[in-house]
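Here the structure is laid out as structure tokens; the discussion comes afterwards.
Per chain, numbering begins at 1; letters A, B, ... match sequence-line order.
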Amino acid sequence: MIAAPTDPNARVCREEIFGPVVVVIPFDDEADAIRICNDTEFGLSGSVWTRDGSKALRVSRAMEAGTISVNSNSSVRYWTPFGGFKQSGLGREHSMKVLDHYTELKNVFIATND
Amino acid sequence: MGCHSGRNTGGQLPSDAVPNVTLYNPTTEAAIAELPSATTAEADVAIAKAKAAGPVWRAISPADRSRLMRRYADLIAAHAQELGELETRNMGMTIGNSVWCANNASDVIHYFAGAIEKHGGSTLPVANGVNLTFPEPLGVVGLIAPWNFPMMMAAWKIGPAIAAGNTAVLKPAELTPLTSVRLGELALDAGIPEGVVNVVVGSGQNVGWRFVTHPDVRKVSFTGSTEVGKRIMAGCAEQVKRVTLELGGKSANIIFADADLEKAAAAAPGAVFDNSGQDCCARSRILVERKAYDRFLELFIEAAEAFTIGDPMSPSSSMGPLVTAQHLATVRGFSDGLDTVYTSDVPDGPGF
């Protein structure tokens with residue numbers, strides 16, 4: 001189901017539906033796109049589609065989300081970190097980084113002077 | 001399929017205290033299995049088994065632990081078709097997706113099998129001595145997996161948890177435990193010692209919450225809703241328990257006018273409708289630069305029309321049902337009365 005709501009504060013624009021419902025929202029420029037993108041308590045993933053490489057990097061860095069794809073909608077690879085900003089989560093899964101979340105770092109000092 | 005209780009990898013769990021959990025096929029609405037649902041006391045038995053297995057698991061050399069995990073990964077891949085069919089029957093995702101998820105589960109276990117020998121500490125410069133760091137295992141970790149990608153997300157947690165030297169108690173979502181039960185059995189078949197991977201089927205209240213409160217569970221890794229994640233985090237604060245949360249999303253798909261609009265539109269339906277939209281990464285907000293808006297919408301609707309709803313066991317279906325009648329009602333609560341520009345045909349007959 002594809003919807004084009006006019007009210008950006010409508011429930012359908014703000015809450016996670018977890019079903020086959022999508023909203024399509026227009027924006028005016030790069031700053032407006034980033035503003036709408038970040039106007040949510042969630043921040044898990046996201047995509048940027050453009051042929052301008054600099055804009056792709058600028059927008060990717062400005063998006064408040066943990067896993068971004070450019071000219072793709074992929075999110076998860078088990079060898080790259082995955083997780084959310086804001087209320088989308090805490091910590092990361094996947095990649096060697098996740099092992100830090102399943103261990104405690106212990107420090108041991110050994111004196112060698114007599 | 002009859003009752004699929006399988007070997008219980010969480011201990012000998014009598015089922016008299018809590019009613020059994022009945023599982024349904026969301027495509028046919030038929031009951032497909034009935035499993036005992038663990039009590040809190042039974043969760044404690046599994047936690048104790050995991051604790052006892054810790055020293056056994058860590059005494060195995062890194063090379064041999066790695067070999068056991070690789071064998072586990074190979075066994076999962078060898079059962080990919082069976083696991084996929086089980087997942088589709090219990091959860092409703094398309095068979096292409098579920099078999100892919102089984103193979104992804106295998107790949108994840110392979111990746112972390114390789115990590116065992118590569119994850120170490122460091123030395124740091126200090127005066128009059130030597131300074132070393134060690135990444136030490138936590139002990140027993142509680143893993144709580146969701147119903148939207150049950151087997152794959154269980155593997156995402158089991159892999160790093162046991163590779164780091166921990167032992168695991170896994171609580172699959174009560175609606176969709178069948179593939180997790182099989183993952184527990186396959187770990188034993190691979191030769192991973194009993195107690196390293198424990199699967200406990202039960203409710204969030206009896207089992208999941210026990211992971212939060214039990215002092216021997218040193219970390220909880222939870223994937224699910226933001227609402228439940230907040231409760232788990234608050235509960236874990238009591239023991240300053242480590243927590244990893246992978247929660248909800250409302251992810252944006254930003255499309256600029258200078259993009260390859262055809263390509264972006266062709267990819268957009270899969271990014272939000274795959275797994276019937278039951279995906280925390282679903283790109284459920286598409287933001288389109290105003291001057292390309294009408295053209296994109298036209299292309300997007302065209303692509304969405306090709307995204308067909310049908311029997312998830314059929315390779316020609318792009319998506320199957322939602323997971324339960326209750327979830328269907330929740331989703332309908334969002335869409336009823338909505339100003340829509342496209343609504344796809346839903347097949348007649350049973351199914352959520």
Side-chain angles (χ1 to χ4, degrees), chain A residues 1-5 11-14 16-28 33 36-37 40 42 44-52 55 59 65 73 75-76 78-79 83-84 87-91 93-94 96 98-113, chain B residues 107-108 111 115 119 126 128-138 156 160-161 164 166 226 243-256 258-259 264 267 271-273 276-278 280-281 283-290 293 297 304 322 331 334-335 338-343:
Chain A
M1 182 173 283
I2 303 171
R11 268 183 80 216
V12 73
C13 295
R14 308 199 71 85
E16 182 176 48
I17 300 170
F18 227 58
V21 181
V22 64
V23 292
V24 188
I25 302 164
F27 66 83
D28 293 319
I36 299 169
C37 169
T40 165
F42 295 115
L44 189 54
S45 197
S47 306
V48 188
W49 292 78
T50 174
R51 287 192 173 94
D52 179 337
K55 183 158 66 182
V59 174
N73 295 316
S75 283
V76 190
Y78 52 79
W79 62 98
Q87 292 190 33
S88 283
L90 184 73
E93 296 196 285
H94 296 315
M96 293 294 280
V98 72
L99 297 172
D100 296 339
H101 295 281
Y102 281 102
T103 49
E104 288 283 10
L105 191 61
K106 180 182 288 172
N107 193 73
V108 178
F109 169 76
I110 307 165
T112 52
N113 54 335
Chain B
D107 288 347
V108 167
Y111 176 85
H119 187 234
V126 287
N128 305 317
V130 177
N131 195 88
L132 310 166
T133 66
F134 296 89
E136 302 282 17
L138 298 166
W156 288 4
N166 305 292
T226 296
V243 64
T244 293
L245 303 172
E246 205 274 90
L247 308 175
K250 191 75 180 173
S251 296
N253 184 0
I254 303 178
I255 296 162
F256 286 96
D258 65 359
V272 63
F273 300 144
S276 306
Q278 302 165 128
C280 52
C281 292
R283 303 303 198 269
S284 54
R285 294 184 299 152
I286 303 181
L287 316 185
V288 188
E289 195 167 354
R290 201 175 294 277
Y293 186 87
L297 203 55
L322 291 167
V331 173
F334 280 97
S335 57
L338 199 63
D339 194 12
T340 58
V341 292
Y342 172 74
T343 304

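The contact between B/V126 and chain A is made entirely by side chain atoms (from C-beta outward), counting heavy-atom distances below 4.5 Å. Residue contact with chain A, scored on non-hydrogen atoms closer than 4.5 Å, involves the backbone and the side chain of B/A264 alike. With a 4.5 Å cut-off on non-hydrogen atoms, B/N166 touches chain A through its side chain but not through its backbone. Heavy-atom distances place both the backbone and the side chain of A/S88 under 4.5 Å from chain B. Only the side chain of B/Y293 comes within contact range of chain A, judged by heavy atoms closer than 4.5 Å. Proximity to chain B is absent for every atom of A/A65, based on heavy atoms less than 4.5 angstrom apart. A/E16 touches chain B through backbone and side chain together, each having a heavy atom under 4.5 Å away. Only the side chain of B/L338 comes within less than 4.5 Å of a heavy atom of chain A; its backbone N, CA, C and O stay farther away. With a threshold of 4.5 angstrom between heavy atoms, A/V108 approaches chain B through its backbone and through its side chain.
Counting heavy atoms from C-beta outward, A/C37 and B/L287 have side chains that approach closer than 4.5 Å. Residues B/F134 and A/T103 have side chains not in contact (no heavy-atom distance under 4.5 Å, counting atoms from C-beta outward). Counting only heavy atoms from C-beta outward, the side chains of B/Q278 and B/L322 approach each other to under 4.5 Å. Annotation: side chain of A/I36 is not in contact with side chain of B/I254 (no heavy-atom distance under 4.5 Å). Using a 4.5 Å heavy-atom cutoff, the side chains of A/D100 and B/H119 are in contact.
If you tally non-hydrogen atom pairs under 4.5 Å between each of A/F42, A/F109, A/W49 and chain B, the highest count goes to A/W49. Comparing B/T244, B/N128, B/V331, B/T133 by how many heavy-atom pairs each has under 4.5 Å with chain A, the most go to B/N128. Ranked by non-hydrogen atom pairs under 4.5 Å with chain A, the options B/D339, B/T226, B/L297 are led by B/T226. Here A/N107 is the residue among A/V76, A/N107, A/V21 with the most heavy-atom pairs under 4.5 Å with chain B. Counting heavy-atom pairs closer than 4.5 Å to chain A, the top residue among B/V341, B/T343, B/L247, B/V272 is B/L247. The choice from B/G129, B/A115, B/P137 that makes the most heavy-atom pairs within less than 4.5 Å of chain A is B/G129. Listed options A/V48, A/V98, A/I17 were ranked by heavy-atom pairs under 4.5 angstrom with chain B; first place goes to A/I17. Chosen from A/G46, A/G91, A/A3, the residue pairing most often with chain B at heavy-atom distances under 4.5 Å is A/G46. Between chain A and the options B/V243, B/T340, B/V288, heavy-atom pairs under 4.5 Å are most frequent for B/V288. Looking only at heavy-atom pairs under 4.5 Å with chain B, the residue among A/N113, A/T40, A/D52 that has the most is A/N113. Contact count versus chain A (heavy atoms, under 4.5 Å) is highest, among B/A164, B/A271, B/S276, for B/S276. With chain B as the partner, the residue from A/P5, A/A111, A/P20, A/G89 showing the most heavy-atom pairs under 4.5 Å is A/P20.
Closest non-hydrogen pair, A/R51 versus B/A259, comes out as NH1-O, 3.4 Å. Closest approach of A/S75 to A/S45, counting heavy atoms only: OG-OG, 2.6 Å. Residues A/L44 and B/C281 come closest through the heavy atom pair CD2-SG, 4.0 Å.
In this structure, A/K106 contributes its side chain and B/L132 its backbone to no donor-acceptor pair below 3.5 Å. The closest donor-acceptor contact from the side chain of B/Y111 to the backbone of A/M96 lies under 3.5 Å. B/R285 places no side-chain N or O within donor-acceptor distance of the main-chain N or O of B/R283, the cut-off being under 3.5 Å.
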Exercise for the section: Carefully, step by step, assess B/F256 and A/F27 under the rule ring-ring contact (aromatic ring centres under 6.0 Å, His included). Expected result: CA-CA 9 Å; B/F256 286 96; A/F27 66 83; 5.2 Å; yes

Exercise for the section: Give the intermediate values and the outcome of salt bridge (Lys or Arg N to Asp or Glu O under 4.0 Å) for residues B/R290 and A/D28. Expected result: CA-CA 6 Å; B/R290 201 175 294 277; A/D28 293 319; 2.8 Å; yes

